[in-house]
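A short write-up of the structure that comes next.
Note that the coordinates shown come from a computational prediction; the quantities given were computed from them, not determined experimentally. Just so we're on the same page: letters track the sequence lines, and every chain starts at 1.
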Number of protein chains: 2
Amino acid sequence: MYLRALTGLAEGGTTTCSSEELAASAGVNSAKLRKDLSYLGSYGTRGVGYDVEYLRYQIAREIGVTQDWPVVIVGIGNLGHALANYSGFRSRGFRVVALLDADPDRHDEVVAGLDVRSFEDLESIVTEDAVAIGVIATPAVAAQSVADRMVAAGITSILNFAPTVLTVPEGVDVRKVDLSIELQILAYHEQRKSGLPTAEVTA
Amino acid sequence: MYLRALTGLAEGGTTTCSSEELAASAGVNSAKLRKDLSYLGSYGTRGVGYDVEYLRYQIAREIGVTQDWPVVIVGIGNLGHALANYSGFRSRGFRVVALLDADPDRHDEVVAGLDVRSFEDLESIVTEDAVAIGVIATPAVAAQSVADRMVAAGITSILNFAPTVLTVPEGVDVRKVDLSIELQILAYHEQRKSGLPTAEVTA
DNA sequence: AGGAGTTTGTGAACGGGAGAACAAAACGGG
DNA sequence: CCCGTTTTGTTCTCCCGTTCACAAACTCCT
Ligand SMILES: NC(=O)c1ccc[n+]([C@@H]2O[C@H](COP(=O)([O-])OP(=O)(O)OC[C@H]3O[C@@H](n4cnc5c(N)ncnc54)[C@H](O)[C@@H]3O)[C@@H](O)[C@H]2O)c1
Ligand SMILES: NC(=O)c1ccc[n+]([C@@H]2O[C@H](COP(=O)([O-])OP(=O)(O)OC[C@H]3O[C@@H](n4cnc5c(N)ncnc54)[C@H](O)[C@@H]3O)[C@@H](O)[C@H]2O)c1
């Protein structure tokens, strides 16, 4: 988040900023920001603030996005198309190297300049391009088997969009994005707002 | 998450389950599950477990997804198309009532059986259909102004896909989904795995 | 050179979620 | 009808992230 806020500030022409300003851009408390940055080192100057470009580089280096990370996307349906076409990944240090789908009818397609290839090509692509990160955008029933194949092929980080709990060996990281749950959380608060105006006092 | 796990169990024909089973399906610790459920009430039976269908209804009622929530999606580009076509929302208590875009060229399109309409129609749609939840899938630069219009129109919950911090009045809930940050988190752990094999011991 | 003003870095207090552990409750079998 | 077994509901403890508050450090102006 700080990285993005810094990029925004840099584009706006700011060269130096205080923890207060940066925290506001990132939408967090300034004390939290300073503590977070302190874990990386002491990159600010007391009485002055942080050099935007310098701090940006330091955070990028710490996260590991100074190099480009190759990524494969599996499941080129509605969501897979959107992800493949998204330019924001490229500019943030990620490069989509392959789009895979189990459906042969999809293999004629070209999406975002890349051929949609057979899922059977997974192993060779992962090996050749040293891919460590895989994205799963298949239906939920297929997600676990896709994850298993990914892990067997050598992928050690998975971003999962399918609404399922994935089981993976130790050493493999999984993060999930679950849009329905996000909406459910909003609905819950919405219900409380309209439903019980006096409930907050009681509870 | 529990709701989804219960739905899965019910589809598999299970009528009763222990906290241990349900926790495994949802991917959490069984003590945590029991504590979470205890906040809703005492819906289990000691020595037996939980009635799947009964508990499912109780959770759905608590969250507020027994009724249908109308939703508008603004920004029908790559991501907006995918969201509009996603059937999972409907089955989880959400109904997309309108697709809005600022680009007049989009207004000819029909996506998932709905006309893409002008962003100017926002206010009338929100009023007529009593829409409380809005989804933002526009470019980042437009997100804040779209959010402002939504709030002014009466929307009180926003799901934001644009990589920006939104500022909204008190009483309005915002949740954000940020795919680049998810990938960055994976990249960070990936770098640590391959980079410093002895770092974990040291740190 | 020195003091006033700013802003960082961090120690300490706070709050809350997660897990271990156990008592209370329900069921079944004798 | 009572006792052993199973499983929930809850308490207690631990741990980690967040925030407050302040001393240390830097700049600028006189
Ligand atoms: N579309 C959305 O906006 C959205 C929102 C939230 C969650 N999701 C989730 O994301 C996933 C994808 O959604 P979608 O709408 O793109 O679905 P989709 O049906 O449009 O696309 C799924 C694609 O995966 C492919 N596929 C199926 N099995 C496969 C396998 N074993 N290996 C490789 N590819 C396989 C299919 O051929 C298809 O092209 C689903 O799990 C869905 O629940 C989607
Ligand atoms: N595509 C993805 O997979 C993806 C992934 C992560 C994040 N995002 C984010 O989601 C957002 C949308 O991405 P996209 O790829 O669909 O972009 P896109 O450019 O394909 O679509 C954006 C749409 O928003 C419309 N729009 C622009 N300004 C508007 C306004 N003021 N009011 C109403 N509509 C307006 C445009 O006409 C266009 O149709 C972006 O902020 C992007 O960063 C997208």
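Distance, A:D36 CG to D:dT19 C1': 12 Å, rounded to whole Å. Rounded to an integer number of Å, the gap from CG of A:N29 to C1' of C:dT7 is 15 Å. Straight-line distance from the CG atom of A:L55 to the C1' atom of C:dG9: 14 Å, rounded to whole Å. Protein atom CG of A:L33 is 14 Å distant from nucleotide atom P of C:dT7, rounded to whole Å. The distance between atom CZ of B:R34 and atom P of D:dT11, rounded to the nearest whole Å, is 14 Å. Between A:R46 atom CZ and D:dA25 atom C1' the separation is 5 Å, expressed in whole Å. The interatomic distance linking A:M1 (CE) with D:dT18 (C1') rounds to 13 Å, in whole Å. For B:L22 and D:dT7, the CG to P distance is 14 Å, given to the nearest whole Å.
Taking the centre of each ring, A:Y86 and A:F89 come in below the 6.0 Å mark. You'll find the ring centres of B:Y50 and B:Y43 outside the 6.0 Å limit.
Salt-bridge annotation for A:R149 and A:E120: present, with a side-chain N of the basic residue lying under 4.0 Å from a carboxylate O of the acidic one. Remark: B:D178 engages A:R4 in a salt bridge, criterion side-chain N to carboxylate O under 4.0 Å.
Residue B:Y43 is in sugar-phosphate contact alone, with no base atom involved, counting any heavy-atom pair closer than 4.0 Å across all strands shown.
No side-chain heavy atom of A:N160 sits under 4.5 Å from any side-chain heavy atom of A:R175.
For A:S38, the side-chain atoms get nearest to C:dT10 when compared with the rest of C:dT10, D:dG9, C:dT8. Side-chain proximity of B:Y50 to the nucleotides C:dT7, D:dG9, C:dG9 is greatest for D:dG9.
Remark on DNA chain D: of its neighbouring residues A:K32 and B:E20, the 5'-side contact belongs to B:E20, judged by nearest-heavy-atom nucleotide.
Between A:S19 and C:dT8, a side-chain N or O to OP1/OP2 separation shorter than 4.0 Å is present. For B:T45 and C:dA26, the shortest distance from a side-chain N or O to OP1 or OP2 is not below 4.0 Å.
No hydrogens or angles were tested; on distance alone, a donor-acceptor pair under 3.5 Å links the side chain of B:K35 to the base of C:dG19.
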